[in-house]
Trainee: 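Take this structure, written in structure tokens, and hold onto it; I'll ask about it next.
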Amino acid sequence: MLDYRAVADAVAAEIASGKLPAGARLQPQRAFAYQRGIAVSTASRVYAELVRRGLVVGEVGRGTFVRTPDRPQSTRISEIADAPIDLQLATSGSLEQAALMAPAFESLANPAVLLGAMDALGPFGPKGAGAIVSHYLGHDHWTPRPDGILFAGGGRQAIACVMAALCKPGDRVGVEPLTYPSIIRMAARLGLQLVALEVDNDGVDIAALARAHRTKPLDAIYIQPTIHNPLGFSMSHARRAALAEVLEETGIFCIEDAAFAFLSDATPLAAYAPEQVIYVNSMQKRLGPGIGVGLVVAPPSTKDRIAAVMRAGGWMASSLSMRLVLSWISDGTAARITSLKRKDAGDRQLLAARILGRAPPPAGSNAFYVWLELPEAWNAEAFVSAAALQGVAITPAGVFGAIPGRAPNAVRVAISAPPLKDLERGLHVIRSLLASVPGDAEIE
């Protein structure tokens, strides 16, 4: 009997050679089995193995498609450099922002200062750090306790520490159906079961959350209530209040990922249920991707557990990074950069709406990305592949899917990173593709 792995190897070779290009739809399993002379059950194992290897993705009701490579190869198009226009990375920066940050490095030229800046730090950072960051994060309706603020080596490390502190292998963690991709990988490593919670345009559906918890208790939930990635929505005040009530009634802990919250004036969920919400933020989106400082605001009942995980994993922020970040916060640089990023993001949203023929975004919609539902003629993998052939890198919805094969037929277009000229060109490519059908799109 032919081993399913050997068949999977043969299909993988066809994908590697380009015989099965990115976006190509595989045959239904029964037809595949007949063509290859194998049992339907063997075909099912072949498809599962290809999914496990990351070579294909299944879309419920549509079929199985060859995945687009994580980094599309560059293809030269008219008036565009060899490197693709990167509309995947949701980051932002400019020389103007770097100029504001540069003076903080001058003090480090003093050997004594530099020596002190290289000391080891614990989870709660240097003396006085909690008070500085508490004031910085403070909102009209919320000021975090300085003694509950912990500092990790980045946003992902901060989230991983919290998840490891709250949950044990086998625990159920509720998430939005489309979520931060790193959460999916973290859950797999920690042995956690992700439970996709129903959402509407205002975020997690409260009744659905209660039903999921009644069916089998949830041990925690992870959500992005402000500037959701990839959808871009923010929860209303009423929804936050209703969610807080459920958290307090059930005792479920909620990890609030506020990575993009600096782009909004919304009150943090932590203000509504301070004993049940662990607020996580980072300086990577606020200042720059290379700034390795993650922030955790933890209730008294959880902060020591989170600190213990940080110590055990060596996931604390470095002293040098902390010194720079505290300097930028204290002298107002961080606040000025936030203002620049918010204005730039808003301007780019208006540009994207104009080029893509969408309604102008509501005031305050400063997301670093645009979510595009695709026409029926396209599937997400094929659309991403077609864009890559024209030098534009975008992200298929499946990357964000908490449950494999359940993502909508859509793509995320990150608009914050490239120069405006490149962004315009990239958006025009996407507009042309949206107006075409697969096979008709040509390289310009």
Side-chain angles (χ1 to χ4, degrees), residues 89-109 113 117 125-126 128-144 146 149 151-152 154-155 158 226-227 229 232 234 257-268 270-271 279-297 317-352 361-369 414-420 423:
L89 294 177
T91 60
S92 171
S94 68
L95 285 175
E96 181 183 7
Q97 294 168 25
L100 291 172
M101 299 166 72
F105 290 87
E106 294 175 2
S107 66
L108 297 176
V113 173
I132 292 171
V133 173
S134 172
H135 183 265
Y136 174 63
L137 294 177
H139 191 277
D140 288 345
H141 305 289
W142 179 68
T143 301
I149 299 177
F151 301 93
T226 307
I227 312 290
N229 178 24
S234 292
D257 187 345
F260 292 99
F262 70 97
L263 297 169
S264 168
D265 292 325
T267 302
Y279 173 97
V280 179
N281 208 322
S282 81
M283 303 308 294
Q284 281 119 311
K285 302 298 183 184
R286 287 174 176 259
L287 294 177
I291 307 301
V293 175
L295 311 173
V296 177
V297 179
S318 76
S319 179
L320 188 58
S321 294
M322 282 296 303
R323 182 182 184 90
L324 291 167
V325 165
L326 294 175
S327 171
W328 290 321
I329 291 174
S330 298
D331 68 8
T333 296
R336 288 192 289 274
I337 289 175
T338 292
S339 296
L340 290 172
K341 286 180 184 283
R342 289 177 68 160
K343 182 182 185 307
D344 182 60
D347 290 345
R348 287 168 183 255
Q349 281 284 343
L350 291 172
L351 175 66
S365 297
N366 301 320
F368 278 2
Y369 31 80
I415 60 176
S416 57
L420 283 173
L423 175 59

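Small disclaimer: the values here were computed from a predicted structure and weren't measured. What you see below is based on every heavy atom in this structure, not just the backbone, and it leaves out hydrogens, waters and symmetry mates.
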Trainee: Could you walk me through whether Phe151 and Val133 pass the side-chain contact (heavy atoms from CB on, under 4.5 Å) check?
Mentor: CA-CA 10 Å; Phe151 301 93; Val133 173; 3.7 Å; yes
Trainee: So do the side chains of Leu287 and Val293 get within less than 4.5 Å of each other, counting heavy atoms only?
Mentor: no
Trainee: Checking the side chain of Ser319 only, and the main-chain atoms of Ala117 only, is there a donor and an acceptor separated by less than 3.5 Å?
Mentor: yes
Trainee: Within a reach of under 6.0 Å around NE2 of His135, are more than 12 heavy atoms found that belong to other residues, nucleotides or ligands?
Mentor: no
Trainee: If only atom types and distance count, is the side chain of His139 paired as donor or acceptor with the main-chain N or O of Asp265 below 3.5 Å?
Mentor: yes
Trainee: In Å, rounded to the nearest 0.5 Å, how long is the span from CG of Leu324 to CE of Met283?
Mentor: 11.0 Å
Trainee: If we ignore hydrogens and angles and just use 3.5 Å, is the side chain of Thr226 paired with the main-chain N or O of Ser234 as donor and acceptor?
Mentor: no
Trainee: Could you check whether any side-chain heavy atom of Leu350 comes within less than 4.5 Å of a side-chain heavy atom of Pro361, counting everything from C-beta outward?
Mentor: yes
Trainee: If I take atom OG from residue Ser327 and atom CZ from residue Phe105, how far apart are they, to the nearest 0.5 angstrom?
Mentor: 9.5 Å
Trainee: So, does Gln349 use its side chain to make a donor-acceptor pair with the main chain of Ala367 at under 3.5 Å?
Mentor: yes
Trainee: Hey, is the main chain of Ala90 close enough, under 3.5 Å, to the side chain of Lys285 for a donor-acceptor pair?
Mentor: yes
Trainee: Give the minimum heavy-atom separation between Ser416 and Asp344, together with the two atoms involved.
Mentor: O-OD2, 4.3 Å
Trainee: Do any N or O atoms from the side chain of Arg348 and from the backbone of Ile415 form a donor-acceptor pair under 3.5 angstrom?
Mentor: yes
Trainee: If you measure from CZ on Arg286 to CG on Asn281, what distance do you get to the nearest 0.5 Å?
Mentor: 4.5 Å
Trainee: Which heavy atom of Ser134 sits nearest to which heavy atom of Pro144, and what is that distance?
Mentor: OG-O, 2.5 Å
Trainee: Is there a donor-acceptor contact under 3.5 Å from the side chain of Asn366 to the main chain of Leu263?
Mentor: yes
Trainee: Roughly how far, to the nearest 0.5 Å, is CH2 of Trp328 from OH of Tyr136?
Mentor: 11.0 Å
Trainee: Between Trp142 (side chain only) and Thr267 (backbone N and O only), is there a donor and an acceptor less than 3.5 Å apart?
Mentor: no
Trainee: Grab the two heavy atoms, one from Pro103 and one from Ala99, that are nearest each other, plus how far apart they are.
Mentor: CD-O, 3.4 Å
Trainee: Thr338 versus Arg342: any side-chain heavy-atom pair under 4.5 Å?
Mentor: yes
Trainee: Where do Ser92 and Phe368 come nearest, in terms of heavy atoms and distance?
Mentor: CB-CZ, 3.5 Å
Trainee: Is there a side-chain contact between Leu137 and Tyr279 in this structure, where contact means two heavy atoms from C-beta onward sitting under 4.5 Å apart?
Mentor: yes
Trainee: Mind listing the closest non-hydrogen atom pair of Val280 and Gly155 along with its distance?
Mentor: CG1-O, 4.3 Å
Trainee: Which heavy-atom pair separates Ala152 from Ala317 by the least distance, and what is that distance?
Mentor: O-CB, 3.2 Å
Trainee: Return the CG to CG distance between Leu423 and Asp347, rounded to the nearest 0.5 Å.
Mentor: 11.5 Å
Trainee: Using the ring of each side chain (for Trp, its six-membered ring), is Tyr369 parallel, tilted or perpendicular to Phe260, with breaks at 30° and 60°?
Mentor: perpendicular
Trainee: Which distance, rounded to the nearest 0.5 Å, do you find between the CE of Met322 and the CD1 of Ile329?
Mentor: 7.5 Å
